[in-house]
Protein chains: 2
Amino acid sequence: MNLKQLSEMLGLSQTTVSRALNGYPEVNEATRERVLRAVQETGYRPNKAAQRLATGKAGSIGLVMPTAPGHYSDVHFGEFLTGLGEEAVRHDFHFVIMPADPDDEVGALRRLAISGNVDALFVAYMRGHDPRLPLLKSLSIPFLVHGRSFGTEPDYPYLDIDNEGAFYDATRLLLQLGHTRFCLLNGPEHLDFAIRRRKGVVSALAERGLTLPDDCTSHMSMTDEHGQFAMERFLQLAEPPTAILCSSTVLALGAIRAVTQAGLKLGEDISLIAHDDVLPHLKPENFSVPLTTTRSSLRAAGVRIAERLIGTVKQDGPFPEQELWKTELIVRASTGAAPR
Amino acid sequence: MNLKQLSEMLGLSQTTVSRALNGYPEVNEATRERVLRAVQETGYRPNKAAQRLATGKAGSIGLVMPTAPGHYSDVHFGEFLTGLGEEAVRHDFHFVIMPADPDDEVGALRRLAISGNVDALFVAYMRGHDPRLPLLKSLSIPFLVHGRSFGTEPDYPYLDIDNEGAFYDATRLLLQLGHTRFCLLNGPEHLDFAIRRRKGVVSALAERGLTLPDDCTSHMSMTDEHGQFAMERFLQLAEPPTAILCSSTVLALGAIRAVTQAGLKLGEDISLIAHDDVLPHLKPENFSVPLTTTRSSLRAAGVRIAERLIGTVKQDGPFPEQELWKTELIVRASTGAAPR
DNA sequence: CCGAAATTCCAAAGCGCTTTGACAACTAAC
DNA sequence: GTTAGTTGTCAAAGCGCTTTGGAATTTCGG
């Protein structure tokens, strides 16, 4: 069933039917009702490709998903996508997801943009000096960045959380509790959030004249396995840490396993603060020792990003603005006074 | 840059350029090279919407993602998507993801199908008597189901794992170890895999004249929180279980927490077997007591499904076939002889 | 009852691509 | 030197929709 058939069926022109459907005023109410009823009955749906071709709008936002045989799927990705979707469904938007080799993200992004398949782009997992940013800026299609890119002039639209502030605050809390030996379980080194979190820790320590040695920092993709492994190494240092900063509750899961297996007590022998993206399947309050966290909902960020991106597309407005969310520092049982 | 401009630039007709690009034989090799070089230089990319309109093919597979404010994002979803993507990227396919209210999945699927935006459909999270199946069958667009639908004639293309067999085998192992009091931590009651797994357990028990009482079964969405909660209740039964079957490692995570907090030892006081979807961030071998599991890689299933779906679309072939994967039963330390 | 304004509808062009059918131009064959 | 067969190219139609400019119909003041 297409427009032509539908209009023939109704004895109207395609124009009139199209207008009736798209809410134009110059069509009789009775006629519109008749059209709407016919649509109900026949189950007619306009062909999106044709619509796209004619209007230039597709009702879709595009994103590339890095993927490869060895590539870890990221728990955080799904949660974020759910947030995006939650908002998108309200506007009848959909996503075009282009899987891409992690080495060719820029190319994939470029292809996606000029394929004419999407109205706007979204990118995440930002790195320092991210090469996708110059591309996006040159593309004249709305886009929004989740995170920022360290080392790039922040003149692009983004939504980020205050990673540096979060870890600065967390570190300060631990300092106030008397800790002096810190370790950082961080995400992959090149990622922007990892850079900033490290910065937060370092600057809080610096205020007390402390430093964060290289062997007290671990950069890795955020799985519990890696968390455990890194923590085991930390515990074997000549002067093992009493305070741990951790970039994800998933990492914390593994780290805590290592702590427990070493016969140490969380919140007594070792204090730990993790960043909590509010993953529904991994709640820090449910850990056997509830976790002190810096919290910011990933899903909420998704909702907000979709909201702004769709808004931009719909009213053809200017590109979205910049937004920086504060995190909450929530104290639970995994932090305590430094052992003496 | 569009075809017309490109062809004018080259002094050729649109036809010739189009043919050169799409590998048709009736074009001079020299001309083809010239065209290809121009494409390189200008960065020309055909407009997908137009291509879609002209050919009827979009190079995309569609899926609906249930989403709502209260809806849990599913760890398994991301992992599976990664698998799909891994294969899709090899064929320059992309996904169109339509977020949808969980109450309107059928409608969303329908809209997606007749929007003309996708070449094939994929559905998962099958339920008993799934209402999407009749729709899909009537739609004359290739589709593939992950899982099956209990109670529906299995005359549709699917890829499923042998859930019943997996839990039958697991239960038998526990029986052989002398266990007699079983509990099942299962996924949501209406989902097909939950139905079949339960069936597997029940029939293995029946062979020994045992039954699975209602208060020894728990159906819930698969988060560690739910796992813990359900396990706590099991442990308060008049005759607490010594053997636990568990539909996911995420559930197991919570369940084990409850076991530990009750002062019981996994693998001694309580034996547990979980189904392992091979989530990269939650490996059963890394649990403090490594988990005995029934294993089947969710990602591998994604790869395979994409492979078959894309194959079908590309050669316009018949709809994909049916496939049933066996699971592996891997014994680790979480299972042991029943305590006496 | 007439002319102008307002209302309702339509024919046709265009979005960017693929594909059909035809046409030159050039070879090979008789 | 004509005919038949290739080869490389093109003009034009069509995919299903939106939208422009104009025509037909209705409404209404005078």
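Within every chain, numbering begins at 1; the chains are lettered A, B, ... in the order of the sequence lines, protein sequences first and strands thereafter.
Regarding A/N28, its CG atom lies at a distance of 15 Å from the C1' atom of C/dC10, rounded to whole Å. Remark: P of C/dC9 and CG of A/L10 are 12 Å apart, rounded to the nearest angstrom. The NZ-C1' distance, from B/K57 to C/dT19, rounds to 15 Å in whole Å. Per the geometry, CD belonging to B/E26 stands 11 Å off P belonging to D/dT9, to the nearest Å.
Under 4.0 Å is where a charged nitrogen must lie from a carboxylate oxygen, and between A/D104 and A/R110 no such pair does. Ion pair B/D277/B/R299 not flagged as a salt bridge, since none of the NZ, NE, NH1 or NH2 atoms sits closer than 4.0 Å to an Asp/Glu carboxylate oxygen.
Taking the side chain as every heavy atom from C-beta outward, B/L6 and B/V39 approach each other to under 4.5 Å. Contact annotation: the side chain of A/L112 approaches that of A/V64 to within less than 4.5 Å [non-hydrogen atoms, C-beta and beyond]. With contacts defined as side-chain heavy-atom distances shorter than 4.5 Å, the pair B/H94/A/I97 does not qualify. Considering only heavy atoms from C-beta on, B/L309 stays 4.5 Å or farther from B/K314 through its side chain. Side-chain contact check for B/V118 versus B/I61: every heavy-atom pair is 4.5 Å or farther apart.
Note that the two end axes of the helix from C/dC1-D/dG30 to C/dC30-D/dG1 enclose an angle of 50°, each drawn from 5 base pairs, rounded to 10 degrees.
Partners of B/A301 under the side-chain contact (heavy atoms from CB on, under 4.5 Å) rule, at least two apart in sequence or in another chain, are B/F80, B/H146, B/L159, B/W325.
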(message) Protein within reach of the bases, or only the backbone? For nucleotides 11-20 of chain D, mark each nucleotide 5' to 3' as B, S or -, using heavy atoms under 4.0 Å.
(response) BB-BBBBBBB
